[in-house]
Structures are given as structure tokens and as C-alpha cells.
Amino acid sequence: MIQVFREHRSLRIAGLMGPGAFWLVVFFLIPLLIMAVISFMSRDQFGFPAPPFTLGNYWDVVKDIRFNPSISFVGGLNIRLFDGLYLELFWRSIWLSLVSTIITLLIAFPVALFMSRLPRGYRSLTLFLVMIPFWTNFLVRTYALQFMLRGNGPINTLLRALGLEPIDLLFTPAAVMIGLVYGNLPFMILPLYTSLEKFDWTMIEAANDLGANTLQAFRRVMLPLVSPGLVAGSILTFVPAVGSYITVELMGGGRTNMIGYTIAQQFSASVNWPFGSALSLLMMIIVTIAAVLYFRSGRGEQRTVL
Amino acid sequence: MASDSTIILLGERGEIKPKPRGETRRFSLGRFALVTITLFTFAFLYVPIAVLIVFSFNSARTGATWQSFTLQWYERVFSNARILESAANSLIVAVLSTLGAVVIGTLMAMAMERYRFRGKGVWDGLLYLPVIVPEIVMGISLLIFFAAVNISRGLLTLVISHIAFCMPFVYLTMRARLADFDRSVEEAAQDLGANEWVTFRRITLPLLMPGIISSALLAFTLSLDDFVISFFVTGVGSQTLPVYIWGQIRRGITPEINAISALMLVLSIFLVIAAQFIQRRQRT
């Protein structure tokens, strides 16, 4: 047996690739394909997939889209061209995820920058402090945040004790946003730090000596070199945000609906597997396009940062 | 206070090179901003966790007023059969899926790093997909799959699914390690008469061990942490701990959950220390 493997290169490759390839195809690819097929099926009386094949599920997503330009000033300037239940749902999910990713990035970058410039001992200490939330259960962390913000939680108890108005933040879009930033911060800081730690600061000095100001040096020298970390961190933040379920439920109370939450409902509360599959497929396409575009935009070798 | 800690944390100079010209003022302002943002961020990350731990010792059942110190919630955790059972399930699933994911992920990384073959590019792309497919999609697609092939949901489906989402992370970690691997050591062993199997057992495997252990820790944590995918592929009586916690949180305020959370946090700290320790040893 071993003799055979030794002599045939292709057999050896098959032996090494085989188990992983099998797992990837059978338990990842095929389920996605089945999901794609089901998204074109009708539902039976219990909400499970049944023949005949139809485009109805996709039609349900787009059928109520109307051209209906409007401007409102509720919660800032709101300009809308189209109306539609699911259009709005997708738009809200992408928008909240995008904004939360940008906020996370704006917080994480200075933190990672500061960490990377610390002396060695302090650097490992701060790295350790980022690793703990990174490795701590996401559900537990989100629960901790919810606990803080509850109506009779520690923050409001403190505010009342000080004679101040309690804040009613939980179950609002703002709470979802805070939850997303809180949950994803470690996933942004860590890849950024990995890139920044390798950054050679004499390059900035060189840029300065060649007449670049701080902003130019940052944009033209630093940004391209730390872009692998930037890309990795942003994807690790954006993708889970679009599909987020825990945060929407615990921080938003299900009131600020997002696409991942709606999908989950099609498979639990209001059973409709074909429609849920259609929504999943659409979400996956959007996320993949966003990720690919983003990967393309940051040039250089991305594989080095996980 | 913040400017004091600037000096403490950075030292008079730290590793920041002294600026020759009259730029000190502007830079110390920037440094002050960095310190402030960093301190606030760490506070933001840690205060909720710390508060939760403190309140896990609070005897009040509801609300956030401190009554008195108690260990009763911890006692309840350890005497609750459902909690212990879900914790055991979580551990079983984590151990088995870590083993599975590490073995097949490492083998795949070896094939991809060391051989050229047809279709390699396709696999390269495929192995990235699980990283960018939202876990909710993975969860429901597996739910549909197990329903389609008529496998009843339970520990088996949990292990299968956990291997599926942990494996790509093991693969990516091991591939990076293998890229740095010095193959001349293997050649030397073979020149000295070792066959391929002996070379693998005595040279390759021991040298890869630190990478294998850290990817195993990663897979173990990913598995223990997972809620969304487990939620969809779990069956009656095979609940994992996060799935149990989820059910309790949705039902209302239960101080036991604070205690479990505190315990899980301690476990994470332990795992991080273990990972750091391994990396440290590897460097020396």
C-alpha cells in the first residue's frame, strides 16, 4: 500500500487532498447547491420545498419595488428613489454593515497603530488584551453588552443614582450599530496590527525627506503597505455584519431587521424554506461581490494575513 | 492622567525614534490622541465583560443594584443537569471536530503547498469561500442538506458541520506555516537514508507541531464559540452550550447565564495564554 503511494505522485496528491476535498464538496458546496435549487421551488403547506419549479421566490423579493422618490428629514437627510419591503431590508443591512465597518476601522486603526509602536513587553500585553475578546464567545460578549444597556442595567442604575435621566438605547438601530462595532473590533484590530507591526517606519522618514507631508506619506506609503491587514479586517467585519443574527436579536430586539435575521426566521418562526433560500442566495451574491471588489481594490499579497 | 500613562507606556522614547526637528509638540499631541483612543477602546471592550463577571456574584435576581455577594449562581450552574450536558456536548463536538479539521486541513495544506496539479487554482478559491460565506447561510444550507439526505440532527451533524467550517481556517494557518518551512532539512534526512515515511514522522511532523497545535487551538475555539451554525444543525438533546445559553437569554434574565459567561471567559483567557505560550516556545 505505502509502496503504491510512494511511486505514484498523483495518488499521493489524491491521498493528501482527498479527505479535505471530500469534506469541502460534500458538506459545503453541495449544501449550497441544494439551497440554490430549493430557492427555485415552491413551498408546501408546511413551508417546506415542493415542486413545481418557479421563479416566484425571487419575484416576491422584487415585486413590490416601486419608483417613488421621496425626501424626508427623519433621522437625518433621507433621499429615496425606490420603495419596497425587501429592497429596504437589503439596503438597510448593507448600509448598517458598511457604516459599522467604517466606524470599526476608524477606531481600530489608531489602536493598532499605537500598539505596534509600543516597546516589546507592552506590545505583547496589549496584544494579549485584544486576543481575549477575540477568542471569547461572541454570544457571551454581545449578551454582556446587552446586560449593560438594559433599562434596569448597570448604566441606567448608575445614571439614576446620579439623578440623571436614564437612556433608552436598547432595541434601537443605534444599539445594533454599537453591538456590531463592539463584536467586530477585535477582528479588525488584530489583522491591522499584524500589518502595522511589520511596517518599517524609516519609510515614512524617507518619504518625508523626499518632500512628502504627513498625509501624503500616510496615503502613498503606509496605506498600500498595510492594505492586506486593512482588507482582511474589513472583510472579517463586513461579512458577519451583513449576515448578523445574534446582534440583531439581542441588541435590536428583532425590531431593526436585517437580512440575516429575516433568513433565520424563514427557517424557524415563519417556515418558508424556498423563500429563505432565495434570500440567502441573494445575500451571498452581494457579500461575494463586495468581498471580491474589495480584494481587488487592495493590491498585493493578501494571503499572509488571516 | 492620560499624559502620564503616555510616558509610562511609551517610555521617554519607547521605540519611536526621536524627531530631530521642531516636531515634538505636534507628535506628542498625536500620541496623546492615540493613547486616549486606545484606552477608551480597551475600556469599551472590557467594561461590559467585567461588569457581567461582577454581577455573576450578585445575589439580586433581577436588576443591577448590588445586594450581596453570593456563589449561588455558580452552585446552580454546577447542579443543573441540562447545563452540564450541553457543556459536555460542546466539549465532545469541539474535540472531535478539532481532530478532524486539523488532520484533513493539514494534509490539504501539504498537497497545495508542495505539489502542482490540475485544478489547483479552483481549490485555492474554494478554500477561501467558507471565510466569506456568512455563517447563517452555511447553517441553513447544512440544515437543508441534512434534511435532504435524511440524516437526523444530533451530535454527528454538529461534528460534520464544525469540521466543515473549521477546516479552511486550519488550512490557511498551516499553509502559511508550510510556506516558511525549510525543506532542506527533509532532504538532509533523506540523504542520510531515511525513507519518506520516516522523514515525515521524524522531521516534518515535529517541525510542524507548533503550527498544528496553534491551528488546533484555533479550531477548538471556533467550534466552542459557534452558535449560529450549531443552532441550525443541532437536534433535541444534543444542544451545545451556546445554543443552551441562547435559549435562556431569550427566555429572560437568568443570573446563571452571568455565571456561565464568567466561566467561559476564564476558559478563553486560559486558551489565549496557552496559544501565546506555544508561540513563544516556537520562536526560541
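Letters A, B, ... are given to chains in the order of the sequence lines, protein chains preceding strands, and every chain is numbered from 1.
The contact between Phe44(B) and chain A is made by backbone and side chain atoms together, counting heavy-atom distances below 4.5 Å. In this structure, chain A has no heavy atom under 4.5 Å from any part of Arg118(B). Neither the backbone nor the side chain of Arg114(B) comes within contact range of chain A; no heavy atoms are under 4.5 Å apart. Neither the backbone nor the side chain of Trp66(B) comes within contact range of chain A; no heavy atoms are under 4.5 Å apart. Heavy-atom distances place no part of Ala101(B) under 4.5 Å from chain A, backbone and side chain included. With a 4.5 angstrom heavy-atom cutoff, Phe40(B) does not touch chain A via any of its atoms. Both the backbone and the side chain of Ser124(A) come within contact range of chain B, with heavy atoms under 4.5 Å apart. With a threshold of 4.5 angstrom between heavy atoms, Ile136(B) approaches chain A through side-chain atoms but not through N, CA, C or O. Residue contact with chain B, scored on non-hydrogen atoms closer than 4.5 Å, is absent for Tyr261(A). Using a 4.5 Å cut-off between heavy atoms, Leu241(B) makes no contact with chain A at all. For chain A, no part of Ile53(B) is nearby; none of its heavy atoms comes within less than 4.5 Å. Heavy atoms of Trp135(A) lying under 4.5 Å from chain B belong to its backbone as well as its side chain. Using a 4.5 Å cut-off between heavy atoms, Phe232(B) touches chain A through its side chain atoms alone. If you measure heavy-atom distances from Leu222(B) to chain A, you find no contacts under 4.5 Å at all.
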For residues 257-265 of chain B, which side-chain N or O atoms pair as donor and acceptor with protein atoms under 3.5 Å away, sequence neighbours left out?
unit_1: Asn258(B); atom_1: OD1; unit_2: Tyr143(A); atom_2: OH; d: 2.6
unit_1: Ser261(B); atom_1: OG; unit_2: Ile257(B); atom_2: O; d: 2.7

What pairs of donor and acceptor atoms, side-chain ones from residues 235-248 of chain A against any protein atom, are under 3.5 angstrom apart with sequence neighbours left out?
unit_1: Thr237(A); atom_1: OG1; unit_2: Gly233(A); atom_2: O; d: 2.7
unit_1: Ser244(A); atom_1: OG; unit_2: Ala241(A); atom_2: O; d: 2.9

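Summarising the geometry, atom CD1 belonging to Ile132(A) is positioned 11.0 Å from atom CG belonging to Leu45(B); distances are rounded to the nearest 0.5 Å. Here the straight-line distance linking atom CZ of Phe147(A) with atom OG of Ser56(B) works out to 9.0 Å at 0.5 Å rounding. Between atom CG of residue Leu107(B) and atom CG of residue Leu16(A) there is a gap of 5.5 Å, rounded to the nearest 0.5 Å. Glu249(A) CD to Trp246(B) CH2: the interatomic distance, rounded to the nearest 0.5 Å, is 4.5 Å. Put simply, CZ on Phe28(A) and OG on Ser161(B) are 12.0 Å apart, with the number rounded to the nearest 0.5 Å. Distance check, rounded to the nearest 0.5 Å: CE of Met167(B) to CG of Leu24(A) gives 5.0 Å.
Shown here for Ala21(A) and Met108(B), the closest heavy-atom pair between the two residues is N-CE, 3.6 Å. The heavy-atom pair separating Ala144(A) from Pro48(B) by the smallest distance is CB-O, 3.7 Å.
Test Ile49(B), Val51(B), Leu52(B) against Met148(A) for side chain to side chain contact (heavy atoms under 4.5 Å, CB included) and you get one pass: Val51(B).
Heavy-atom pairs under 4.5 Å with chain B peak, among Ala264(A), Ala291(A), Ala161(A), Gly276(A), at Ala264(A). Across Val149(B), Leu217(B), Thr106(B), the residue that shares the most heavy-atom pairs under 4.5 angstrom with chain A is Leu217(B). Your options are Leu125(A), Leu185(A), Leu33(A), Thr288(A), and the one with the most heavy-atom pairs under 4.5 Å with chain B is Leu185(A). Taking Thr126(A), Ile30(A), Ile263(A) one by one and counting their heavy-atom pairs under 4.5 Å with chain B, the maximum is reached by Thr126(A). Of the listed residues (Thr41(B), Ile132(B), Ile140(B)), the one with the most heavy-atom contacts under 4.5 Å to chain A is Ile140(B). Among Phe128(A), Trp23(A), Phe134(A), the residue making the largest number of heavy-atom pairs under 4.5 Å with chain B is Trp23(A).
A donor-acceptor pair under 3.5 Å is formed between the side chain of Tyr46(B) and the backbone N or O of Leu129(A).
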Criterion side-chain contact (heavy atoms from CB on, under 4.5 Å) on Phe267(A) and Ile144(B), from CA distance to verdict: CA-CA 10 Å; Phe267(A) 290 86; Ile144(B) 294 171; 3.9 Å; yes
Steps toward side-chain contact (heavy atoms from CB on, under 4.5 Å) verdict (Arg31(B), Arg117(A)): CA-CA 10 Å; Arg31(B) 210 189 277 176; Arg117(A) 303 221 65 187; over 6 Å; no
Derivation and outcome, side-chain contact (heavy atoms from CB on, under 4.5 Å), residues Asn137(A) and Leu224(B): CA-CA 8 Å; Asn137(A) 195 300; Leu224(B) 271 189; over 6 Å; no
side-chain contact (heavy atoms from CB on, under 4.5 Å) between Val137(B) and Met35(A), worked out: CA-CA 9 Å; Val137(B) 173; Met35(A) 190 187 82; 3.9 Å; yes
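Two rings, from Phe227(B) and Phe138(A), have their centers 6.0 Å or more apart.
Atom CZ of Phe117(B) has more than 12 heavy atoms from other residues, nucleotides or ligands within 6.0 Å.
Using a 4.5 Å cut-off on side-chain heavy atoms (C-beta onward), Val130(A) and Phe42(B) make contact. In this structure, Val287(A) and Pro134(B) have side chains that are in contact, with non-hydrogen atoms separated by less than 4.5 Å.
Ring pair Phe146(B)/Phe27(A) is tilted by interplanar angle, where 30° to 60° counts as tilted.
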